[in-house]
Amino acid sequence: MILFYFALQVNNLRRTIMSYHFKEIEKKWQAYWAEQQTFKATNESAKPKYYVLDMFPYPSGAGLHVGHPLGYIASDIYARYKRHKGFNVLHPQGYDSFGLPAEQYAIQTGQHPALTTEENIKTYRRQLDQLGFSFDWSREVRTSDPKYYKWTQWVFIQLFHSWYDNEADKARPISDLIPEFQASGNSSVNAACDEDTPHFTAEQWKAFKDKEQQQILLKYRLTYLADTEVNWCPALGTVLANDEIVNGVSERGGHPVVRKKMTQWSMRITAYAQRLLDGLDTIDWPQPLKDAQTNWIGRSEGASVTFKTVPSAETKESYPIDVFTTRPDTIFGASFMTLAPEHELVAKITTSEQKAEVDAYVEATAKRSERDRLSEVKVVTGAFTGAYAEHPFTAEPIPIWIGDYVLAGYGTGAVMSVPCGDQRDYDFARNFGIDIPNIFEGVDISEEAFANKERTVIANSDFLNGLSYKDATKKIISELEKIGKGEGKINYRLRDAVFSRQRYWGEPFPVYYVDEMPRMIAEEHLPLKLPEVAKYLPTETGEPPLGNAKVWAWDSKQSTVVSNELIDHKTIFPLELNTMPGWAGSSQYFNRYMDPHNEEAIFSKEAIDYWKQVDLYIGGIEHATGHLLYSRFWQKFMFDLGLAPVEEYAKKLINQGMILGNSAFVYREVETNQVLSAGLISGKKVDPIHADVSLVNTSNELNVEGFKAWRPEFKDAEFVLENGKFIVGRDVEKMSKSKYNVVNPDAICQQYGADSLRLYEMFLGPLEQSKPWNTAGITGVHSFLKKLWKLYHTGPDGTFEVSDDEPAKENLKTLHKTIKKVEEDIEDFSFNTSVSTFMICVNELSAQKCRSRAILEPLAIILSPYAPHVAEELWERLGHNSSIASVAFPEFDDKFLVESTKEYPISFNGKMRFKLEFPLDMPREEIEAAVLAHERTQQQLQGRTPKKVIVVPGKIVNVVG
RNA sequence: GCCUCGGUGGCGGAAUUGGUAGACGCGCUGGAUUCAAAAUCCAGUGGUAGCAAUACCGUGUGGGUUCGAUUCCCACCCGAGGUACCA
C-alpha cells in the first residue's frame, strides 16, 4: 500500500515536471528580455522602421484592471508581428504623470504628489512587466519629470514667440511682425488675432509705449493671456470643469459655482481650424473619431452682415450689430433680430420702458449654466429691448429682442431672425407675436419653418426673386460687399483652448511678469522646476496653490528662482502662479520618444527624420476632442517651425473598445431591511447594492460572511437565501472601482498566466467593440495553451520531443491555412479570430498526431506575438539559443492548400439540403446533370421539374423549382 | 433633436466580393478515467415536431431587390456613446 502510494506520488511528480508551467516560463523570459534588452530600438537600421504607440497611462493609485491592457496587448501583438516581418520597431511606453488625483491625495494627506506618483508608477511598471509587453523601456518618459517638462515649457515659449499668418497659412516668428508694424502698421497684416485688435498705423505703433506694444503683440501670439469666463467655486477656491458641476453646484462638496472672468493663458488653436479639418482627409483614423473632430471644429459657410440700430429719442447714437448667418439668401425674411442676453449692446440700446423686463431676463439667464440652458430646449423665452435695427436693404425698422437661444460664445452673439426659414426663429416669433413674412415660392409656412436649401426658391425679396439657394447666396454676398454692409464668411465653432489651471501638480509656466506683462524665461534656463509648497490648496486670497510657494520669484539678473521677499519689480519679478493643463505634456510625447534623452533639443533632426511619425496609434475614443485634437494642433505648429517633417503625427489610429465589468448586486428590501437573494425580489421594492465581484463565485453565489466583513453596516442584516444559497443579480456596467466590478490582472496572471490573459483579452471579441468581462471563460484559452504544450511534449512521461521526419500533407495544409489566416487577421486587427484559428490549428494537429519539427517550429513563430512566453520556451526547447522575437515570420505557400475536389452544398430554393463532392475542374453542365440525376435531388423535387439550376463552380449549386 | 456605433443560440462571438448561418470558446447534458476530487479525454448541444430518417421555423421588426440576403435598398423599433438651440 505504501509502495502504491509512493508510485502514485512519483507519477504525479513527473506529470508536474513535464506539464505546462506558465509561472516559471513567464518569469524566465521576462527576465531574459530585460537582461538582453531584446526590444530596444535603434535610431538607425537597415530595416524599414515601424512606430507602434499606445496612449500612455495616468498612473492612478488603484493600479491596472483587466480593461486597461486591452489596447496594449493589441499593439504589442502588432509590434511583435512587425519585428517578425523584418521591421525596426519603436514601441515605447511612459506615464502621463501630472494630474488631479495625485494632487487631491496630496491635499488630503499632505504627501507630495511626486512621491505618490513614483509609488504608483512602480505598481504600473510591475503590472505591465508581468504581461510580457515588448516595450523599449529605455525610452520611457514621464510628463512630470523636469527633464521632460523642460521641453513642454520650451514649446510653450515657441508658441509665445509665434503668430499665425493667414496669407502664408502657417505660424511665423513674432519678430517678423514688428518690422511690419513699424513700416506700415497692421492694416496689411492678415493674421489670426483677437477680435478686439485695434487698427493702427506705423506712426501710431511707434508712438505706443513698450507696454502698449506688448499688449498689442499679445493679441497676435499663438499663446496669449485673455480674460476668460470660468466656473469659479469660491468655497473650493478653484475653477471647475463643466463636468465637475452637477445641478449648478460643485460635484465635490456641493458648493455654489459662479461664472467669473479670470485672466488665463489660451492657445490660439482656432488659427489652425481649417488645417485641422483638412488634415483629417490625410489620415487613417476611425470615421466616428473624424466625425467627432469635424463637428467639434464646426465649420459653417455664410456671411457676416452689419445691421445698424435706429437712433431713438433716448439713444441718439446708431450702433452697428454684426451677425453671422448661413442663410444670407433669406435676408429679406428677417423680421427681427435676437441678441444673446450677454451681448454688450443690450445695456446701451434698451429703452427705459423695457429696462425692467430686460434686466430681469438678463439676470435670470446669468443664473443658469450653459447646460441648463441647453437642457430646456422646448421653452421659448426672451424679452424685447424696445430698440430697432435698420434692414440693410429695405431700410425697414425691425425690432431687436434678446433670447437665450442665442449663445454669446458662438458667432457674434447676435442673429438676424428669419422665422420663415429657421425653426427656432419661427417658434420665437410665434411665441411673441412677431410677423412671419414668407419669402419662399410655393411653400406653406403656416405650421413650421421651411429650412430645405435644395428646394428653396426665393420670393418677395427684391433682386433675389426666383433664385435658388445657391444663386441667391452668391448674389446677396456680392450685393452686401458692394454696399459695404457685409461679406462672405466662414465661421468655426471651435474656440481657443484655455491653457491655465489653478493647480499645483502640473508644468509651471516659464513666465514672469514685468509691469504686469508676461516675459518668457530664456530657453537656456529651463526647466523651471515646480516649487515646494506647504499646502496644495489655493491661497486665502484665492490665488492658485503656487501662491503658497515662498521661493517663487524670478531674478532676471542671476537667471534663477529666488525668494518672493526679494521681489522689487526692477530685476526680481513674480512668477506665473498657474500651471499647464493635462494635455500639455501629452501633446508631444510621441515625438519625444524618438529621442528621449536629448538634453540639447526636444529631439534631434536625425531622430525625427528617421521615425517621422507614428505608424499605428492605439487608444480610447474618449480623447477624440481633447488630446487627439490638441496634439494635432501642436504637431502642425512643430511642422510650421520646421521641426517636424510631417503635419500629422499618427498615420493610423485605432480606438480599442471598453471592457465592461459584470457588476454584482444584493437587494435590500425597502420595508423590511432584509437582504434578498436575486430570485426573491420580483414584486418587491428593493434597493440594489453593489457587491464586490471578488466575493461572488462563477455560479453567482455570494460569500455572505465575506460581504458582511466588507460592509460592516450589514453585519446584523438578515440574508434571505434561496435553496440554501444567496444568489446575486448581475448587470453589465463600465468597469470601475466605484462599482466594485474591477478584475485585477495580477490575480489572473497568478492563476492562468500572462499568455492566457493576453489570448483571452483578444479572444473576447473585436478590438474596437465594447465587451463584457467574464473571468470564467479564460479556461478555454488556458486549456488551448496546455494542448499546445502537449503537441511538443509527446516523449515518455510527457518530455519534449519532436521528429525530423517529413511532415504529412495534412500537417502542411493545417499549418499553411493557419499562417494565411493569422497573417490576414493581424493585418486587419482582427485578433479575436486569429485566436480561434490557433485553436483550430492545434486541435487539428493533435488529431493528426503531428510531431514534425517542420510544422511545430513555424507554429511557435506565428503564435509568439500572442503568447510570447510559451513561444520563447518552445523555441528554446526546439534547440535555438536566441530569442524568437526577431525570427522571420513563416511564408505562406498556396501549394499546400490546393484542392482537387469541392464538397458542393446543394440547395433548393436557397436552402442547403445536402452535399455532393465533385472535382473542382468539373464543368458546370456536368455538375448540373450529376446533381439532377442524384436520388436525393429527386427526393427533394418530389416529381416537380426544376425551373432553373444555378451552378457556381467552386461555390454552390442551387436548384429552383 | 442631430451625429456615430451596434442588435445573430443560455453567454462572448464567427461567417472574404450576396453563396452551406451559428466557426472557436464558455456554459450545460451524458459518458470514460479516478477510492474520490481536480485535471484530462470522448459524445451531444439554435428552436419546434419525431424513436429516427427528416420536415418546418430561425440573424431586432415590416417591406423590397435576387436563383439565393446576417450581408444590398426603403421604412421603423430598441440599446450604447458623443453632442451644438451653432444662426
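Order of the sequence lines sets the chain letters (A, B, ...), proteins ahead of strands, with each chain counted from 1. Keep in mind that the numbers below use all heavy atoms, side chains included, and drop hydrogens, waters and symmetry copies.
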### Query
Is the backbone of A/Gly954 close enough, under 3.5 Å, to the side chain of A/Tyr904 for a donor and an acceptor to pair up by distance?
yes
### Task
Please check if the side chain of A/Asn295 supplies one atom and the backbone of A/Asp291 the other of a donor-acceptor pair under 3.5 Å.
yes
### Query
Got more than 12 heavy atoms from elsewhere within 6.0 Å of NZ, A/Lys290?
yes
### Summary
Among B/C86, B/C24, B/U40, the one nearest any side-chain atom of A/Leu407 is B/C86
### Message
So if I take every side-chain heavy atom of A/Lys771 and compare against B/A55, B/G13, B/A87, which nucleotide ends up nearest?
### Response
B/G13
With sugar-phosphate meaning primed atoms plus P, OP1 and OP2, does [X] contact a base, only sugar-phosphate, or nothing at under 4.0 Å between heavy atoms?
X	value
A/Arg936	sugar-phosphate
A/Ile950	base
A/Glu622	nothing
A/Asn774	nothing
A/Lys915	base
A/Lys790	sugar-phosphate
A/Thr338	nothing
A/Arg913	sugar-phosphate
A/Ser783	sugar-phosphate
A/Val415	base

Ignoring backbone atoms, establish whether [X] has a side-chain N or O less than 4.0 Å from OP1 or OP2 of [N].
X	N	answer
A/Arg299	B/A84	no
A/Gln769	B/G13	yes
A/Arg493	B/C86	no
A/Asn832	B/A14	yes
A/Asn662	B/C11	no
A/Lys786	B/A39	no

### Rounded distance in Å between the C1' positions of B/A84 and B/C3
11 Å
### Task
Measure the CG-CG distance between A/Leu767 and A/Asn832 for me, rounded to the nearest 0.5 Å.
8.5 Å
### Task
May I ask you to decide whether A/Lys817 forms a salt bridge with A/Glu844, counting only side-chain N to carboxylate O separations under 4.0 Å?
yes
